[in-house]
Amino acid sequence: MTRTVADYNVLAATKHVNGNNTSARKAMDIEKIFGENTFGMDEMKARLPKTVFKSLVATIDKGAKLDPSIADTVALAMKEWAVERGASHFTHWFQPLTGYTAEKHDSFITPNKGGGAIAQFSGKELIQGEPDASSFPSGGVRATFEARGYTAWDATSPAFIIENKNGSYLAIPTAFASWTGEALDHKTPLLRSMQTLNSAALRVLELFGVKDAHKVYSTVGVEQEYFLIDEEFYYRRPDIVTTGRTLFGAKPPRGQELDDHYFGSIPDRVLACMLETEKELYRLGVPVKTRHNEVAPGQYEIAPIFENTNVAADHQQLLMLTLERVARHHGLVCLMHEKPFAGINGSGKHNNWSMATDTGMNLLEPGDNPHDNIQFLFFCAAVIRAVNRHQDLLRISVASAANDHRLGANEAPPAIISIFLGEQLEDVFNQLEHGPAKTSKQGGLLGLGVETLPHLPRHAGDRNRTSPFAFTGNKFEFRAVGSSQSVSFPNIVLNVIVAEALVEMGDMLEAELAGKKKTEGVLEEAVAEVIKRVIHNSKAIIFGGDNYSDDWHQEAERRGLLNLRTTMDAYHHLLDEKNINLFERAGVLSEVELRAREEILVEQYFIRVNIEAETTEYLGRTYILPAAVRYLTQLNDSGAGAGVKSVAKNVSTGIDALCKSLDALGVQNRELGGDTVHEKAEHMRRNVIGAMTEVRSAADALEGIVAHDMWPLPTYREILWVK
Ligand code: ADP
Ligand code: MG
C-alpha cells in the first residue's frame with residue numbers, strides 16, 4: 001500500500017516524544033566534560049616527559065619548528081590515551097578541496113607471534129600518512145596515474161576522538177599535499193597565511209615599540225546558521241537528498257512574515273537536539289557559546305567563542321559534522337545549504353576576524369578613545385586598505401553556486417564589498433584624513449524612562465546588519481560567507497591581504513621615521529601621516545548606509561567599487577596578475593597551486609549546477625508531471641460541470657507549460673557547452689540555470705492547483721512548520 005501524504009505528516013509530527021522527556025533529564029557538567037575527547041594541553045602535560053611536552057608547546061604556542069624526534073613518544077602517549085577512551089582505529093583527518101573533511105581509518109592492531117594482537121602506533125604513523133590522493137580534486141596539479149599524496153600531522157590543532165555506540169576512533173588533524181609538494185587542501189595555505197600575517201604584524205608592533213609579543217595570529221569566531229527539518233520529509237524530497245536544497249516548492253501561505261520565529265522560544269525537540277550537539281562539541285573542545293532561532297521557520301544559529309584561526313577552522317568543520325550527525329538521533333536532518341528553500345531566508349555564517357598577540361592583546365581593540373589609540377588605528381587602517389584593494393578576492397572567497405541564491409537578495413549583503421566602521425570610527429578616520437584626530441564621539445548612557453530599570457551604557461554607534469564587512473567593536477565581521485563552506489579560504493584571503501597592507505604600511509612608517517630622533521610625538525606624527533595617506537586612497541570602500549538599497553548600487557558604481565554579481569563573474573578575477581603575485585609573494589599559494597584552485601572552484605560550480613539541473617528534469621518528468629496528469633484524468637473522468645472543466649483547463653495549461661519547460665531544460669542538459677570546465681560552467685550559468693527556473697515555476701504553479709493527496713513531494717507548508 002502506498003502511504004499518503006497525510007500519513008507521513010502525522011508520522012513526522014508524532015514520532016518524536018523524546019524532546020521533553022523530563023523523567024530522564026540529563027545534567028551537563030561543562031567543566032568536567034569540556035575537551036575530554038581531545039588530546040589537549042592537560043592530557044599532554046600529564047602523559048608526556050617534560051622535555052617532550054616543552055618542545056611540543058614551543059611548536060603549538062610559539063610556532064617553533066616541529067622536532068620530529070619527539071614523534072614516537074607523542075604517538076605512544078596519544079595511542080594510550082585513545083585506547084583508554086575506547087578507540088580501536090586512528091585516522092589522519094584532512095580537508096581536501098571539496099570543502100569537506102576526509103579520513104581513512106587504520107586500526108591500531110598489530111598481530112603478535114602468539115596468535116594474539118597488540119595495539120601499536122608509531123611516530124611515523126603520527127607524522128605522515130599516505131592516502132591515495134587520486135580521487136581528490138587536484139585541479140590538474142597531479143595526473144591520476146600519480147596517485148601519491150601525503151598527509152602531515154598538524155601538532156597545533158589537537159587530536160580528538162569520534163565516538164559511535166559501537167566503538168570510536170582517534171582523528172589527527174593533518175595537512176594534505178601532493179607528492180610534488182603542492183598543497184591539495186585548505187589547511188596548508190591557511191597555516192602559511194598565519195605565518196605571513198605573524199611576521200608582518202610583529203614587525204609593525206616592533207615599530208610601535210611593543211617588545212613582549214612573540215607571535216601574532218588571527219582569531220576567528222563563526223556564527224553558523226542552519227535548518228532542521230523532520231527526516232520524514234527529507235526522505236521524501238529527492239531534491240534535498242541529492243542537492244541539499246529544494247528544487248521545487250511554492251511559497252507557503254505562511255513563511256517568515258510574522259517575524260515570530262526569530263529569537264522565539266526553542267521547540268523542545270530542537271532544544272534536545274541542540275543540547276546533545278553542544279555536549280558533543282564540548283567534549284571535543286569546541287567552545288560553543290550561543291544558540292537561537294533564526295529568521296526563517298526551521299532555521300537556527302550556533303556560535304562558538306573565537307579561537308586561533310587554524311583551530312577555529314578545524315572546529316568549524318567539526319561543528320558542521322556534529323550538527324549533521326546528532327540531528328539524526330532526533331529524527332531531524334540538518335540542512336547546511338545556503339538556500340534550502342526559495343522565498344525565505346537562506347543561511348550564512350558570519351566570520352568574525354581579528355588579530356591577537358601571544359600576550360593576549362587584541363590588535364583591533366579600540367579602547368574608549370580610539371583617536372588616542374594609534375596602534376589600533378594603524379591596524380584598522382591596514383584592514384581598510386586591504387579590503388579596498390582586494391574586494392575581488394573577498395568576493396571570490398565566498399562565491400559558490402549555492403551562495404548565489406543568497407548574496408544580494410535582501411537577506412544577505414550584496415555582492416558589492418564595502419566596510420561599515422560605525423559612526424565613531426568613521427568620524428575618527430575622517431578627522432585623520434584632514435588633520436589630527438582630536439575627539440571620539442561618545443556613547444553616553446541610555447535611559448529607558450523607568451526608574452526601576454538600569455541606565456545602559458550606550459555604544460558609540462549603532463549596528464548595521466546590511467554591510468558585508470562590518471567593524472563590530474573589536475573585530476571585523478565578514479558576513480557574506482556561505483553556511484556550508486569551509487571558512488578556510490575567506491580567512492586565508494583576510495590573513496594574506498592584511499599582511500600585505502601591514503608590510504606596505506610598515507615600509508611607509510619606516511620611511512617616515514627614517515633619520516628622525518625618537519623624541520616624544522614623532523611616532524604619533526609619522527603614524528598619522530601614514531594613516532592619512534592610506535585612508536585617502538581607500539575611503540571609497542567605507543560605507544555606513546543601507547547596503548540593500550538601490551541607491552547604494554548606483555553610488556558604489558560611481559565610487560568604482562566592484563560588483564561581481566555571480567560566482568562566475570567573481571571567479572573570472574581569481575587569476576588576475578595582482579592575485580597571482582599577492583599569493584606568491586606571501587608564500588601562501590604558488591601560481592601552480594592558485595591555478596589548480598581556480599580550476600577546482602569552477603569545476604565544483606559546474607558539477608553542482610549540473611546535478612541540480614538533471615535532478616530537476618528527472619523529478620519534473622517522473623514525479624510532478626505524472627501526478628498532474630493523474631489529477632487531470634480524474635477531473636476529466638468526473639463528468640462534473642463547468643467549474644471542474646475550468647479547473648481541468650487550468651491544469652492542462654499548467655501541464656503544457658511544464659512539458660515545454662522540461663523539453664527546453666532537457667536540451668540544455670544534453671549539451672555541455674564545451675570540453676573545458678570553464679566552458680561547461682559558463683553553459684550552466686548562461687543556459688541551464690534559466691531553464692531550471694522555468695521548470696520550477698511551471699511545477700510550483702501546478703502545486704497550487706493539483707490535489708494535495710496526489711502531490712508527490714512534501715510542500716513547504718509542511719516541511720517548515722513541523723517541529
Ligand atoms: P554579535 O555578532 O551578535 O555581537 P558576539 O559579540 O558574541 O556576537 O560575537 C560573535 C562572534 O564573534 C563570536 O563567535 C565571538 O567569539 C566572536 N568574536 C568576539 N571577539 C572576537 C575576536 N577578537 N576575534 C574573532 N572573533 C571574535
Ligand atoms: Mg554577529
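Each ligand, and each atom within it, is numbered from 1 in the order the structure gives. Residue indices begin at 1 and follow the sequence shown.
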Ligand 1 versus E223: contacting region, heavy-atom distance under 4.0 Å: side chain
Summary of ring pair (Phe, Tyr, Trp, His ring centres under 6.0 Å) pairs that have at least one residue in residues 192-223, sequence neighbours excluded: F208-F378
Results of side chain to side chain contact (heavy atoms under 4.5 Å, CB included) for A200 - residues two or more places apart only: A499, L502, V503
E477, portion touching ligand 1 at heavy-atom distance under 4.0 Å: side chain
Polar contact flag for W353 and ligand 1 (N/O pairs, less than 3.5 Å): no
Proximity to ligand 1 by part of N362, non-hydrogen separation under 4.0 Å: side chain
Charged N-O contact under 4.0 Å between E276 and K279: no
Between F478 and W353, ring centroids under 6.0 Å: no
Aromatic ring proximity F39/F160, centre distance under 6.0 Å: no
Enumerated ligand 1 atoms positioned under 4.0 Å from heavy atoms of I305: 16 (O)
Sub-3.5 Å N/O-N/O distance, P304 and ligand 1: yes
